[in-house]
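Shown next, in C-alpha cells, is the structure this report addresses.
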Amino acid sequence: MGEALRLVHDAFRRELALIRKEAAQAGPRLGAQLRVNCLTLCGGLHYHHTQEDGGMFPALAGRHPELAPVMDRLGREHERMAVLLGELQDTLSAAHPDADAVRAEVERLTGLLEEHLTYEEEQLIPFLDAPGT
C-alpha cells in the first residue's frame with residue numbers, strides 16, 4: 001500500500017513540475033494547456049484527497065490510534081488545499097488572468113503540495129507497509 005501511495009504522489013509531482021514549467025514559460029498571456037493542466041490537477045487532487053479522507057485515513061486511524069495527530073493535520077491540510085486550489089481555479093477561469101499572479105500562486109501552491117505529499121508519505125508509509133496493514 002505504501003508503494004501505491006508513493007506512485008500516486010509521484011504522478012502528482014510530475015504534473016506539478018509540468019505546471020510549474022508551463023507557468024514559468026508563459027508570456028503575458030497564459031496558454032490554454034496550462035489552464036487545462038492546472039484544472040485537471042485540481043480535480044485529481046480533490047478526488048485523491050476525498051478518497052483518503054473517506055477510506056484510507058479512517059482505516060489507518062482505526063488500527064493505529066497513535067496516528068490521530070497526523071490524521072488531524074492531514075485533514076486540515078486537505079481542507080486548506082481545497083480552498084487554495086479553488087482560488088487558483090477561479091484565477092485561471094477569469095477572462096484575462098494576471099499571468100504574474102498565476103505564476104506566483106502556482107509556485108506557492110506547488111511548494112505547499114509537495115510539502116504535504118512528503119509529510120504524508122513520511123508519516124503513513126511505515127504504517128501502510130507494516131505487516132497486517
Side-chain angles (χ1 to χ4, degrees):
M1 287 295 296
E3 184 59 25
L5 180 65
R6 189 181 319 276
L7 287 172
V8 169
H9 285 183
D10 284 347
F12 285 126
R13 286 183 178 101
R14 285 189 298 278
E15 286 301 312
L16 289 169
L18 176 64
I19 289 168
R20 198 178 240 164
K21 179 180 175 186
E22 288 176 342
Q25 293 175 345
R29 295 185 54 108
L30 297 173
Q33 190 61 47
L34 173 61
R35 291 181 188 198
V36 168
N37 289 347
C38 282
L39 295 175
T40 301
L41 177 74
C42 289
L45 278 168
H46 173 74
Y47 177 79
H48 174 68
H49 286 164
T50 300
Q51 295 302 306
E52 286 179 333
D53 292 339
M56 182 176 68
F57 288 2
L60 271 175
R63 288 191 295 275
H64 302 283
E66 67 273 24
L67 284 173
V70 171
M71 296 303 177
D72 289 343
R73 174 180 165 174
L74 292 172
R76 285 191 311 274
E77 287 180 3
H78 285 182
E79 291 171 7
R80 182 172 179 229
M81 294 296 159
V83 170
L84 294 174
L85 291 170
E87 290 171 359
L88 178 61
Q89 287 178 316
D90 291 344
T91 300
L92 287 168
S93 298
H96 303 288
D98 180 317
D100 290 333
V102 170
R103 275 190 283 278
E105 193 59 17
V106 164
E107 282 300 315
R108 185 171 77 90
L109 273 174
T110 55
L112 290 170
L113 283 166
E114 288 171 352
E115 288 174 20
H116 168 75
L117 297 173
T118 298
Y119 175 78
E120 188 173 295
E121 290 169 355
E122 291 171 349
Q123 299 301 311
L124 299 186
I125 287 177
F127 291 92
L128 290 170
D129 287 348
T133 302

Would you check if the side chain of D129 reaches a backbone N or O of G2 as a donor-acceptor pair within less than 3.5 Å? yes

Just jot down the salt bridge (Lys or Arg N to Asp or Glu O under 4.0 Å) partners of E22, sequence neighbours excluded, or say none. none

Rounded to the nearest 0.5 Å, what separation is found between the CG atom of L84 and the CG atom of L45? 11.5 Å

Answer whether the closest heavy-atom distance between the side chains of L109 and L16 falls below 4.5 Å. no

Of all heavy-atom pairs linking E52 and P58, the shortest is O-CD, 3.7 Å

From C42 atom SG to I19 atom CD1, the distance as rounded to the nearest 0.5 Å: 7.5 Å

If you look at every heavy atom in L113 and M81, which pair is closest and at what distance? CD2-SD, 3.3 Å

Any pair with a residue in residues 78-88 that passes salt bridge (Lys or Arg N to Asp or Glu O under 4.0 Å), sequence neighbours left out, goes on the list, sorted by first then second residue, please. none

4.5 Å side-chain heavy-atom contact, M1 and I125: no

Enumerate donor-acceptor pairs with a distance under 3.5 Å from any side-chain N or O in residues 5-13 to protein atoms, sequence neighbours excluded.
residue, atom, partner, partner atom, Å
H9, ND1, E121, OE2, 3.0
H9, NE2, H48, NE2, 3.3
H9, NE2, E120, OE2, 3.1
D10, OD1, R13, NH1, 2.9
R13, NH1, E121, OE2, 2.9
R13, NH2, T118, OG1, 3.4
R13, NH2, E121, OE1, 3.1
R13, NH2, E121, OE2, 3.3

Rounded at 0.5 Å granularity, tell me how far CG in D53 sits from CE in M71. 10.0 Å

For residues 105-115, pull every pair meeting salt bridge (Lys or Arg N to Asp or Glu O under 4.0 Å), keeping only residues two or more places apart or in separate chains. R20-E107, R20-E114, E105-R108

Rounded at 0.5 Å granularity, tell me how far CZ in F57 sits from CG in L67. 10.0 Å

Using side-chain hydrogen bond (donor to acceptor under 3.5 Å, both in side chains) as the criterion, list what pairs up with D72, not counting sequence neighbours. none

Using the six-membered ring wherever Trp is involved, compare the ring planes of H49 and H78 and label them parallel, tilted or perpendicular (cut-offs 30° and 60°). parallel

Less than 4.5 Å apart, any side-chain heavy atom of R14 and any of L18? no

SG of C38 to CD of E15, rounded to nearest 0.5 Å, is 10.0 Å

Under the side-chain contact (heavy atoms from CB on, under 4.5 Å) test, residues paired with Q123 that sit two or more places apart: V70, Y119

Over all atoms of both residues, closest heavy-atom pair of A23 and V106: CB-CG1, 4.1 Å

Please list, chain by chain and in numerical order, all residues satisfying side-chain contact (heavy atoms from CB on, under 4.5 Å) with D90, sequence neighbours excluded. none

